[in-house]
Amino acid sequence: MGDAAQMQIATWNVNSVKSRLDLLLRWLDEARPDLVCLQEIKCLDEAFPTAAIEDAGYSVAVHGQKTYNGVALLSRFPLEDVTRGLPGDESDEQARYIEAVVSTPGGAVRVGGVYLPNGNPVDSPKYGYKLGFMERLRAHAAERLLLEEPFVLAGDFNVIPEARDARRPEAWVGDALYLPDTHAAWRRLLALGLTDALRASDDEGGVYTFWDYQAGAWQKDNGIRIDHLLLSPQAADRLLGVRIDRHVRSWERPSDHVPVVAELAV
DNA sequence: ATGGCAGTATTTTACTGA
């Protein structure tokens with residue numbers, strides 16, 4: 001840890017870890033996060049750049065998939081009890097969830113890294129898959145909350161929670177990220193007792209984590225907030241603050257998402 | 001509003017993403 005009194009937990013959809021390795025290493029060196037949940041690594045476990053990331057000081061756990069999806073955990077502390085895949089559907093072959101317990105000097109923190117389905121187009125089976133995944137995530141989070149331990153569910157949720165989370169909310173009406181059923185599933189998740197870490201400390205709009213590559217979205221700040229960290233009560237009690245590393249979006253050949261970092265007292 | 005961008009696969013475009 002950079003500071004003995006706190007722990008930084010981050011989530012970042014890197015849009016291919018192989019294409020983004022230089023930026024990932026640059027950001028790890030700059031931000032010095034203690035734990036990182038990566039999404040859309042887009043490679044099999046054996047193709048993950050484990051050695052380069054271990055050289056940067058991190059332990060690695062990967063749940064990979066070729067071409068699409070894929071999630072990973074990077075940690076400065078030992079990763080224990082790693083589980084891969086979201087329970088509730090044995091036929092689901094998409095690599096979208098990885099969980100582990102991180103042992104820190106201040107105690108254990110359980111972390112779930114999630115890449116929730118996009119769900120578009122909404123008249124296709126993809127939207128049903130998204131809603132089914134959200135219900136499975138709710139059921140799994142409910143189980144984890146019974147443990148009454150610090151638990152952080154972090155990742156790309158592909159959910160714009162409210163109008164203030166989009167620069168142009170009117171453009172998202174009817175989209176899988178913003179449909180009423182999506183919002184209802186999001187609220188059911190939070191109603192378990194999870195805290196949206198960013199909203200615990202910032203009520204303002206204009207706080208985004210994703211800007212499309214197209215149509216000059218970054219230059220126009222036409223963004224949305226879809227990358228989130230949800231905290232169990234025991235984790236929320238330790239929340240010191242959240243930041244979004246927006247500047248990473250202006251680096252050369254960036255991901256369309258930027259890192260979101262929560263600081264917890266440990 | 002769309003898909004103008006970007007990544008991957010096997011490629012000479014198709015698909016996926018949000």
Side-chain angles (χ1 to χ4, degrees), chain A residues 11-25 27 37-49 62-72 92-97 113-131 133-134 137 154-183 185-186 198 205-228 244 246 248-260:
Chain A
T11 177
W12 190 12
N13 179 325
V14 290
N15 186 17
S16 169
V17 71
K18 285 188 281 185
S19 287
R20 220 65 64 203
L21 182 57
D22 288 350
L23 265 64
L24 174 59
L25 293 173
W27 178 74
C37 303
L38 297 180
Q39 301 90 40
E40 281 206 270
I41 62 172
K42 295 187 175 182
C43 65
L44 293 168
D45 294 17
E46 54 266 36
F48 192 85
V62 182
H63 183 33
Q65 182 178 342
K66 192 175 184 179
T67 311
Y68 305 119
N69 312 316
V71 289
D92 185 359
E93 296 181 346
Q94 300 190 30
R96 295 180 174 275
Y97 188 78
V114 63
Y115 175 44
L116 212 143
N118 173 308
N120 284 305
V122 297
D123 58 356
S124 77
K126 292 183 177 184
Y127 191 57
Y129 175 65
K130 176 176 191 155
L131 293 179
F133 190 97
M134 292 184 79
L137 188 62
D156 175 359
F157 284 76
N158 271 314
V159 174
I160 304 168
E162 300 179 75
R164 61 180 167 169
D165 298 308
R167 174 65 180 272
R168 300 184 59 244
E170 70 278 9
W172 297 95
V173 172
D175 190 281
L177 281 64
Y178 198 65
L179 276 177
D181 283 350
T182 304
H183 286 151
W186 173 256
L198 187 283
V207 179
Y208 310 131
T209 66
F210 168 93
W211 297 260
D212 201 294
Y213 287 121
Q214 301 180 75
W218 169 243
Q219 288 74 14
K220 293 188 276 194
D221 195 26
N222 180 16
I224 52 178
R225 188 176 74 94
I226 56 175
D227 300 274
H228 309 294
I244 298 175
R246 279 180 63 107
V248 174
R249 187 63 176 79
S250 66
W251 287 356
E252 191 175 352
R253 294 190 72 225
S255 170
D256 38 9
H257 299 249
V258 297
V260 184

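In the text below, chain A, chain B and the rest are named by the order of the sequence lines, each starting its count at 1.
Between A/K126 atom NZ and B/dA18 atom P there is a gap of 10 Å when expressed in whole angstrom units. When the C1' atom of B/dT8 is taken as reference, atom CD of A/Q65 falls 12 Å away, rounded to whole Å. Taking atom CD of A/Q214 as the reference point, atom C1' of B/dG17 lies 9 Å away to the nearest angstrom. When rounded to the nearest whole Å, the span between CG of A/D212 and P of B/dA1 equals 15 Å. In this structure, A/I41 places its CD1 atom 17 Å from C1' of B/dT16, rounding to the nearest Å. As rounded to whole Å, 13 Å separates atom C1' of B/dC15 from atom CD of A/E40. Taking atom CH2 of A/W172 as the reference point, atom P of B/dT2 lies 12 Å away to the nearest angstrom. Counting to the nearest Å, the C1' atom of B/dT10 and the OH atom of A/Y68 are 12 Å from each other.
Taking the nucleotide of DNA chain B with the nearest heavy atom to each of A/D156 and A/R253, the more 5' of the two is matched to A/R253. Between A/N15 and A/I224, the residue anchored closer to the 5' end of DNA chain B is A/N15, taking for each the nucleotide with the nearest heavy atom.
If you check B/dG7, B/dG4, B/dA18 against the side chain of A/A215, the one that comes closest is B/dG4. Distance from the side chain of A/R96 is smallest for B/dG17 among the nucleotides B/dG17, B/dG7, B/dA18.
B/dT16 sits 16 Å from B/dT11 when the C1' atoms are compared, rounded to a whole Å. With both ends at atom C1', the span from B/dA14 to B/dG3 equals 15 Å, rounded to whole Å. Across the P atoms, B/dT10 and B/dC15 are found 14 Å apart, a figure rounded to whole Å. For B/dA18 and B/dG4, the C1' atoms lie 15 Å apart once the distance is rounded to whole Å.
With respect to A/D221 and A/R246, a salt bridge is recorded, a charged nitrogen being found less than 4.0 Å from a carboxylate O.
With rounding to the nearest 0.5 Å, the separation of CZ in A/F210 from CG in A/N222 is 9.5 Å. Rounding to the nearest 0.5 Å places NZ of A/K130 at 12.0 Å from CG of A/L137. Between atom CZ of residue A/F157 and atom CH2 of residue A/W186 there is a gap of 5.5 Å, rounded to the nearest 0.5 Å.
Distances shown here put a side-chain N or O of A/N13 below 4.0 Å from the OP1 or OP2 atom of B/dA18. OP1 and OP2 of B/dA6 both lie 4.0 Å or more from every side-chain N or O belonging to A/R20. Put simply, A/S19 has no side-chain N or O that comes within less than 4.0 Å of OP1 or OP2 on B/dA6. For A/H257, a side-chain nitrogen or oxygen approaches OP1 or OP2 of B/dA18 to under 4.0 Å.
When each of A/T209, A/N158, A/N13 is checked for a side chain to side chain donor-acceptor pair (under 3.5 Å) with A/D227, only A/T209 meets the rule.
Across all strands, A/Y115 comes closer than 4.0 Å only to sugar-phosphate atoms, never to a base (heavy-atom distances). Contacts of A/D256 with the nucleic acid, taken as non-hydrogen atoms under 4.0 Å apart, are absent.
A donor and an acceptor atom, one from each side chain of A/Y127 and A/T182, are located under 3.5 Å apart.
Remark: the A/N118 side chain and the B/dA18 base include a donor-acceptor N/O pair separated by less than 3.5 Å.
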